[in-house]
Peer 1: 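One structure, pasted below without further comment.
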Amino acid sequence: MNFGFKIINWYSENKRDLPWRNSSDPYFIWLSEVLLQQTRVDQGIGYYLRFINKFPTVLALANSSEEEVLKLWQGLGYYSRARNLHFAANQVINEFNGEFPTQYKEIIKLKGVGEYTAAAISSICFEESVAVIDGNVFRVLARFLAIDPPIDSTLGKKEFKKIANELIKTHLPSVYNQGIMELGALVCTPKLPDCENCPINNSCISFSQNSFLNYPVKSKKTKQRKRYFNFIIINHFDKYYIQKRVGKDIWQNMYQFPLIETNSEMIEWNKAFENISIDYISETIKHILSHQIIYAKFWFAKTNTLDFKAASNWELLELDELKEKPLPKLIENIFYEYPQLSTK
DNA sequence: AACCCGGGGCC
DNA sequence: GGCCCAGGGTT
């Protein structure tokens with residue numbers, strides 16, 4: 001019995017019962033796939049259920065606002081996924097006459113849909129024979145065949161793609177693709193893989209060499225940049241100023257308290273705020289992102305002068321209104337940390 | 001090809 | 001602290 005049949009048999013007996021399985025509606029599969037990009041299944045399930053409840057159809061999603069979608073995405077990270085999801089829903093309505101595209105070459109035209117997601121949708125929903133290659137597949141194939149080229153190199157990607165698309169032949173694409181990913185997620189895990197219970201352990205090269213933890217090979221390592229954020233929380237007659245993040249940076253189109261970013265933890269208090277009395281300064285909060293370490297301080301201030309001059313891009317909102325905006329986790333957390341910001 | 005984009009879980 | 005997660009877009 002070969003690789004693919006063993007995986008399919010294993011999958012049929014061991015697959016998890018996930019909310020988007022047992023459906024082949026491309027809208028649901030697309031939504032689940034985008035939600036799960038760089039995201040663990042356990043983390044994505046709740047978001048998936050809330051999304052299909054609020055946006056049962058691609059038309060409902062297209063008719064919403066980007067801000068609504070970002071709000072529902074809040075806390076999950078990689079928010080370009082949410083913006084692109086909303087954009088792509090409108091592509092389906094306007095460029096595909098409201099019908100979700102059915103072929104890989106069309107599906108991949110949707111914003112936020114790359115090779116992996118197009119392969120997943122076209123195979124799972126339409127049985128197109130194109131192999132998915134995600135982190136799980138890289139790991140399973142790299143270990144099974146002891147493939148040395150790094151998965152983040154151009155050469156490596158080409159080789160994995162060639163092998164994956166050879167292995168999927170003669171198998172039902174939807175089952176094979178989900179099977180190999182499920183094996184990577186449940187058995188061939190990054191750390192402590194369960195090789196004893198793996199259906200293909202007797203022909204796994206790295207297992208026979210006891211070298212499975214050396215695979216997959218990766219060449220690049222992520223480096224983190226340090227940033228220093230000073231947010232000022234200005235109470236103005238029990239309303240608060242916020243601003244929308246624009247430009248090409250983290251948390252694009254989400255909201256925050258007015259921010260002064262500095263090059264070090266020291267801040268020379270800006271003259272723009274010399275008329276504001278600071279009541280309290282928070283401890284430094286370390287907020288870790290994949291490529292950045294943010295050291296944040298929150299400056300609590302109050303001004304009840306009627307002619308307080310706010311910056312032009314600030315909005316003055318009630319706490320309740322503020323919390324309806326899409327907020328980065330760092331900002332959302334503040335409401336739990338500081339009781340004075342809890343809604344009455 | 002290199003860089004950018006979140007947040008959480010696990011060791 | 002480092003690695004990884006059902007990756008994709010931009011430059």
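Each chain gets a letter, A, B and so on, in the order the sequences are listed, and its residues count up from 1. Reckoned from all heavy atoms, side chains included, excluding hydrogens, waters and symmetry mates.
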Peer 1: Pick the closest DNA chain B nucleotide for Leu192(A) and for Leu76(A) by heavy atoms, then say which residue is nearer the 5' end.
Peer 2: Leu76(A)
Peer 1: Taking for each residue the nucleotide of DNA chain B with the nearest heavy atom, is it Leu155(A) or Arg227(A) whose nucleotide lies nearer the 5' end?
Peer 2: Leu155(A)
Peer 1: Can you list everything that forms a side-chain contact (heavy atoms from CB on, under 4.5 Å) with Gln103(A)? Sequence neighbours excluded, please.
Peer 2: Lys105(A), Glu106(A), Glu128(A)
Peer 1: Rounded to the Å, how far apart are Trp251(A) CH2 and dG6(B) C1'?
Peer 2: 9 Å
Peer 1: Given that Ile288(A) and Asn177(A) both sit by DNA chain C, which one's nearest nucleotide is further toward the 5' end?
Peer 2: Ile288(A)
Peer 1: Can you pull out every side chain to side chain donor-acceptor pair (under 3.5 Å) where at least one residue sits in residues 137-149 of chain A? Sequence neighbours excluded, please.
Peer 2: Asn136(A)-Arg139(A), Asp148(A)-Tyr215(A)
Peer 1: Quick one: Tyr47(A) OH to dG6(B) C1', roughly how many Å, whole number?
Peer 2: 10 Å
Peer 1: Across the strands shown, which category fits Lys191(A) at heavy-atom distances under 4.0 angstrom: base, sugar-phosphate, nothing?
Peer 2: base
Peer 1: To the nearest Å, give me how far apart CZ (Arg21(A)) and P (dA6(C)) are.
Peer 2: 11 Å
Peer 1: Scan residues 67-85 of chain A for pairs that pass salt bridge (Lys or Arg N to Asp or Glu O under 4.0 Å), counting only residues two or more places apart or in two chains.
Peer 2: Lys54(A)-Glu68(A), Glu67(A)-Lys325(A)
Peer 1: Tell me what Gly75(A) touches on the nucleic acid: a base, only sugar-phosphate, or nothing, going by heavy atoms under 4.0 Å.
Peer 2: sugar-phosphate
Peer 1: Applying side-chain contact (heavy atoms from CB on, under 4.5 Å), name anything that partners Ser12(A), two or more places apart in sequence or on another chain.
Peer 2: none
Peer 1: Quick check on contacts: within residues 22-43 of chain A, what sits under 4.0 Å from DNA chain B by heavy-atom distance?
Peer 2: Gln38(A), Thr39(A), Arg40(A), Gln43(A)
Peer 1: So which of residues 131-153 of chain A are in contact with DNA chain C, with a heavy-atom cut-off of under 4.0 Å?
Peer 2: Asp134(A), Gly135(A), Asn136(A), Arg139(A)
Peer 1: Give the rounded distance in Å between these two atoms: CD1 of Ile293(A) and P of dG1(C).
Peer 2: 7 Å
Peer 1: Nearest to the side chain of Lys218(A), which nucleotide is it out of dA6(C), dC3(B), dC4(C)?
Peer 2: dC4(C)
Peer 1: Which residue pairs satisfy the salt bridge (Lys or Arg N to Asp or Glu O under 4.0 Å) criterion with at least one member in residues 35-50 of chain A, sequence neighbours excluded?
Peer 2: none
Peer 1: Which is true for Trp73(A) with a 4.0 Å heavy-atom rule: it touches a base, it touches only sugar-phosphate, or it touches nothing?
Peer 2: nothing
Peer 1: Pairing donors with acceptors under 3.5 angstrom, does anything connect the side chains of Tyr116(A) and Gln37(A)?
Peer 2: no
Peer 1: Indicate, yes or no, whether a donor-acceptor pair under 3.5 Å links the base of dC4(B) to the side chain of His291(A).
Peer 2: no
Peer 1: Please report the distance, rounded to the nearest Å, between CD1 in Ile285(A) and P in dG7(B).
Peer 2: 13 Å
Peer 1: Any salt bridge (Lys or Arg N to Asp or Glu O under 4.0 Å) pairs touching residues 114-127 of chain A, not counting sequence neighbours?
Peer 2: Glu115(A)-Lys161(A)
Peer 1: Is the Phe28(A) ring parallel, tilted or perpendicular to the Tyr48(A) ring (thresholds 30°, 60°)?
Peer 2: perpendicular
Peer 1: Expressed in angstrom and rounded to an integer, what is the separation of Gln224(A) atom CD from dC3(C) atom C1'?
Peer 2: 11 Å
Peer 1: Lys220(A) side chain N/O closer than 4.0 Å to the phosphate oxygens (OP1, OP2) of dC3(B)?
Peer 2: no
Peer 1: What is the distance, to the nearest angstrom, from the CZ atom on Arg83(A) to the C1' atom on dC5(B)?
Peer 2: 8 Å
Peer 1: Indicate yes or no: at least one non-hydrogen side-chain atom of Leu141(A) is less than 4.5 angstrom from one of Ile180(A).
Peer 2: yes
Peer 1: Has Tyr78(A) got a side-chain N or O lying under 4.0 Å from the OP1 or OP2 atom of dC5(C)?
Peer 2: no
Peer 1: Using the side-chain contact (heavy atoms from CB on, under 4.5 Å) rule, pick out the option among Val69(A), Leu72(A), Leu70(A) that qualifies with Pro326(A).
Peer 2: Leu70(A)
Peer 1: With a non-hydrogen cut-off below 4.0 angstrom, is Gln252(A) in contact with a base, only sugar-phosphate, or nothing?
Peer 2: nothing
Peer 1: Kindly say if His287(A) contacts the phosphate of dG6(B), meaning a side-chain N or O under 4.0 Å from OP1 or OP2.
Peer 2: no
Peer 1: Compare the minimum distances between each of dA6(C), dC5(C), dG6(B) and the side chain of Tyr79(A), then state the nucleotide with the smallest one.
Peer 2: dG6(B)
Peer 1: Looking only at atom C1', what distance separates dC3(B) and dA6(C), rounded to whole Å?
Peer 2: 23 Å
Peer 1: I need the full list of salt bridge (Lys or Arg N to Asp or Glu O under 4.0 Å) pairs touching residues 166-179 of chain A, with sequence neighbours left out, sorted by first then second residue.
Peer 2: Glu166(A)-Lys169(A)
Peer 1: Which pairs count as side chain to side chain donor-acceptor pair (under 3.5 Å) when at least one residue sits in residues 282-295 of chain A, sequence neighbours excluded?
Peer 2: Arg227(A)-Gln292(A), Glu265(A)-Thr284(A)
Peer 1: Under 4.0 Å between any heavy atoms, over every strand shown, what does Lys15(A) touch: base, sugar-phosphate, or nothing? Just pick one.
Peer 2: nothing
Peer 1: OP1 or OP2 of dG1(C) sitting under 4.0 Å from any side-chain N/O of Lys286(A)?
Peer 2: yes
Peer 1: Rounding to a whole Å, what distance do you find between Leu213(A):CG and dG2(C):C1'?
Peer 2: 15 Å
Peer 1: Would you please classify the geometry between the Phe308(A) ring and the His236(A) ring as parallel, tilted or perpendicular, with 30° and 60° separating the classes?
Peer 2: tilted
Peer 1: Hey, is the side chain of Thr117(A) poking within less than 4.0 Å of OP1 or OP2 on dG8(C), counting only N and O atoms?
Peer 2: yes
Peer 1: Work out how far the P atom of dT11(C) is from that of dG6(B), and round it to whole angstrom.
Peer 2: 15 Å
Peer 1: Distances for protein N/O vs nucleotides 9-11 of chain C N/O pairs under 3.5 angstrom?
Peer 2:
| residue | atom | partner | partner atom | Å |
| --- | --- | --- | --- | --- |
| dG9(C) | OP1 | Gly112(A) | N | 2.6 |
| dT11(C) | OP1 | Lys248(A) | NZ | 2.7 |

Peer 1: With clusters built from Ile, Leu, Val, Met, Phe, Trp and Tyr whose side-chain heavy atoms come within less than 4.5 Å, directly or transitively, what are the remaining members of the cluster of Val246(A), listed by chain and number?
Peer 2: none
